Structures are given as C-alpha cells and as structure tokens.
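Right, one structure below, let's go through it.
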Amino acid sequence: MSELADFDAPLPRSFYERDVRIVARQLLGCYLVHRRGRSLVGGRIVETEAYGGPGDPGSHADRAPDGRARIMFGPAGFAYVYFTYGMHHCVNAVCGPEGKGSAVLFRALEPVLGIEEMRAAGAPSSLPDAKLASGPGRICRALGIDKALNGADLTAGTLRIVPGKKVRGIHATTRIGLSRDDGREWRFFVDGPSVSGGSRRPRR
DNA sequence: TCTATGATCGTA
DNA sequence: ACGATCATAGAG
C-alpha cells in the first residue's frame, strides 16, 4: 500500500478508548481501508461526527440501548454499521470506555486505494473521483461495507483504520441531518473536495 | 400487530 | 424540492 501506513499496523484499541470527541478529531487524516479478496479499497478520512451515549439526543444510543445501537455500548474499536432510508448503510467506530455508548460516524473519505472498484460499486458516472466516498452512505457503497461488518473488530479484521499524517485546520460544526439534536458542534472536517455536500450542511 | 420515520442520495 | 425503499422504533 505504498505511501500509506501498513494495513498490518492498524490503530490499536487504546486509540478508541478515549473521549469520543478526541477520537473523532484524531481520526481525520487516518485511513479507512477494507480488504476485499486480494484488493484494498479505502481512503483518507476527512470528515467525522461524534455521537455520545444516553443524554446525546442525536445519538442512536439515546433511544433504544437494547436495539440496533447495542454494539455502541460494547468495547471500543469495533464497527457499528446500520441501515437507513431503506437503501444506505453508515459505519461508525465504537469509542470511549465500555458501556459509555459513544461512537464516531465516518462521513467522508478522500479516495486513495481501489478507486476503480469504488466506481464499479454503482456510483453515478457524473460523480468525480473525489466524491466517490463523500457522505456516509457513499463511503459504505464505495468500500462495500454492509451489516455483515456490524460488530467487526477494526483492529484485526478485513475493515481497519491505519494511522496517517497529522492534519491541521480542523473545522467544527453542528452535525448533519439529525431530527433530534441540541446544537453541539461535534462534526469535524478538513477542507477539500471530498467533504460531504448535503443540502442541510452547516457552513464552516 | 401496525405505522411513521430516518446519522441519505440521486434526480428534477 | 422530492421520491426511493425497508429496518427499526414507538405506538396501539
């Protein structure tokens, strides 16, 4: 994987076991990579959102802790993958101490590895390469992530996060697309063409 | 059981 | 601005 850090040296579990806001910021610049057969598909993380446990009205963990979000209450460093709007998957990394119920949602990647595979996964031909993983649903479509990866160990399985270069110029805004929220600025991104561009997106 | 809705995206 | 499309949550 050439200029990238090694797929065989993923972030350790201790990285995820800290406050979800710290982890969300430090994940920027790291690489989310999925090994599919012989090939690697992934990119540089440029946008994340932090979700707290009970008490964060925007978090799935605030609603039904024994439902789909129960994986959020388990140990850190595992994937929480859910299906929404009848057609999209979204992927998170469980963070914080076990039982806290917090996680980081991956919202956008800058495509780096397996760009041909990303495009073949059903992206509209009008989408430029930079936008192939721009948005939580697009990340999962581009990398081939679905509920089969719910609960997967991000430190050892086929879906991993590997360290990258430290980033500067992190912006913080309110989170996108929530019906219940309290305005906390827990969305983090670094400027660039791969940042998601939904119609409800707050400006910098 | 039944119904409403969503941490979205593509097209108009 | 709207429709797709279905698992989940909340109501009855």
Side-chain angles (χ1 to χ4, degrees), chain A residues 16 20-21 23-25 27-28 32 43 45-74 76 78-96 100-111 118-152 154 159 161 171-189 193-203:
Chain A
Y16 300 97
V20 67
R21 289 163 292 179
V23 180
R25 296 178 73 102
L27 281 170
L28 297 175
L32 179 64
I45 298 163
V46 296
E47 180 179 348
T48 59
E49 277 175 357
Y51 286 89
D56 176 359
S59 177
H60 290 172
D62 191 51
R63 303 187 100 234
D66 295 319
R68 63 180 170 179
R70 68 189 170 282
I71 190 71
M72 291 178 72
F73 292 86
F78 290 83
Y80 166 46
V81 181
Y82 66 91
F83 182 67
T84 190
Y85 288 101
M87 57 187 78
H88 301 293
H89 292 274
C90 296
V91 60
N92 299 251
V94 175
C95 293
K100 176 93 168 160
S102 58
V104 171
L105 170 71
F106 298 100
R107 284 201 58 92
L109 310 179
E110 172 190 312
M118 292 188 194
R119 190 164 287 288
S125 54
S126 60
L127 261 194
D129 285 354
K131 294 282 187 193
L132 289 174
S134 174
R138 285 178 181 175
I139 287 176
C140 289
R141 184 182 58 194
L143 304 206
I145 295 168
D146 63 21
K147 277 177 71 176
L149 284 165
N150 189 35
L154 296 172
L159 180 65
I161 304 170
H171 300 282
T173 73
T174 53
R175 297 170 295 186
I176 295 179
L178 307 192
S179 62
R180 308 188 73 110
D181 195 11
D182 58 6
R184 58 184 75 188
E185 298 191 333
W186 282 14
R187 170 180 176 246
F188 305 100
F189 67 96
S194 297
V195 173
S196 74
S199 53
R200 302 168 222 184
R201 166 174 39 106
R203 292 284 168 189

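All figures in this text were calculated on a predicted structure; none of them were measured in a lab. The sequence lines fix the lettering, A, B, ..., with proteins before strands; numbering per chain opens at 1. These numbers come from the heavy atoms of this one structure, side chains and all, not from hydrogens, waters or symmetry mates.
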Next item on the list: Stems involving DNA chain C: give each as a range paired with a range, ordered by first number, where a stem means at least three consecutive Watson-Crick or G-U wobble pairs under 3.5 Å.
Entry: B:1-6 with C:6-11, B:8-11 with C:1-4
Margin query: Just the rounded figure in Å: distance from P of B/dA7 to CG of A/Asp56.
Written below: 12 Å
Checklist line | Rounded distance in Å - CD1 (A/Ile139) to C1' (B/dA7) | finding: 12 Å
Check: Once each nucleotide of nucleotides 5-12 of chain C is scored for protein heavy atoms under 4.0 Å, what B/S/- sequence comes out, 5' to 3'?
Finding: BBSSSS--
Note to self: In this structure, how many angstroms lie between the C1' atom of B/dT8 and the CG atom of A/Asn92, rounded?
What the structure shows: 14 Å
Next item on the list: Take atom OH of A/Tyr51 and atom P of B/dG6, then tell me their distance rounded to the nearest Å.
Entry: 13 Å
Checklist line | OP1 or OP2 of B/dG6 under 4.0 Å from side-chain N/O of A/Arg180 | finding: no
Notebook entry, point to check: To the nearest angstrom, how far is A/Arg141 atom CZ from B/dC9 atom C1'?
Noted result: 8 Å
Item checked: Salt bridge A/Arg180-A/Asp62, side-chain N to carboxylate O under 4.0 Å -> no
Item checked: Side-chain N or O of A/His60 closer than 4.0 Å to phosphate OP1/OP2 of B/dA7 -> yes
Next item on the list: Write down the atom of A/Gly74, the atom of A/Val94, and the distance for their closest heavy-atom approach.
Entry: O-CG1, 3.7 Å
Notebook entry, point to check: Quick check: does any side chain N or O of A/Ser59 sit under 3.5 Å from a backbone N or O of A/Gly52, one acting as donor and the other as acceptor?
Noted result: yes
Next item on the list: Whole angstrom is fine here: how far is it from CD1 in A/Ile145 over to C1' in B/dT8?
Entry: 15 Å
Next item on the list: For A/Leu105 and for A/Gly122, locate the closest nucleotide of DNA chain B by heavy-atom distance; then report the residue assigned to the nucleotide nearer the 5' terminus.
Entry: A/Leu105
Next item on the list: With heavy atoms under 4.0 Å as the rule, sort A/Gly135 into base, sugar-phosphate or nothing.
Entry: sugar-phosphate
Margin query: With a 3.5 Å distance limit and no angle check, can you tell me whether A/Glu49 reaches the backbone of A/Arg107 through a side-chain donor-acceptor pair?
Written below: no
Next item on the list: Return the set of residues passing ring-ring contact (aromatic ring centres under 6.0 Å, His included) with A/His88 (not counting sequence neighbours), or none when no residue passes.
Entry: none
Check: Starting at NE2 of A/His88 and ending at P of B/dG10, how long is that distance when rounded to a whole Å?
Finding: 7 Å
Check: Can you check the A/Leu178 CG to B/dT5 P distance for me, whole Å?
Finding: 17 Å
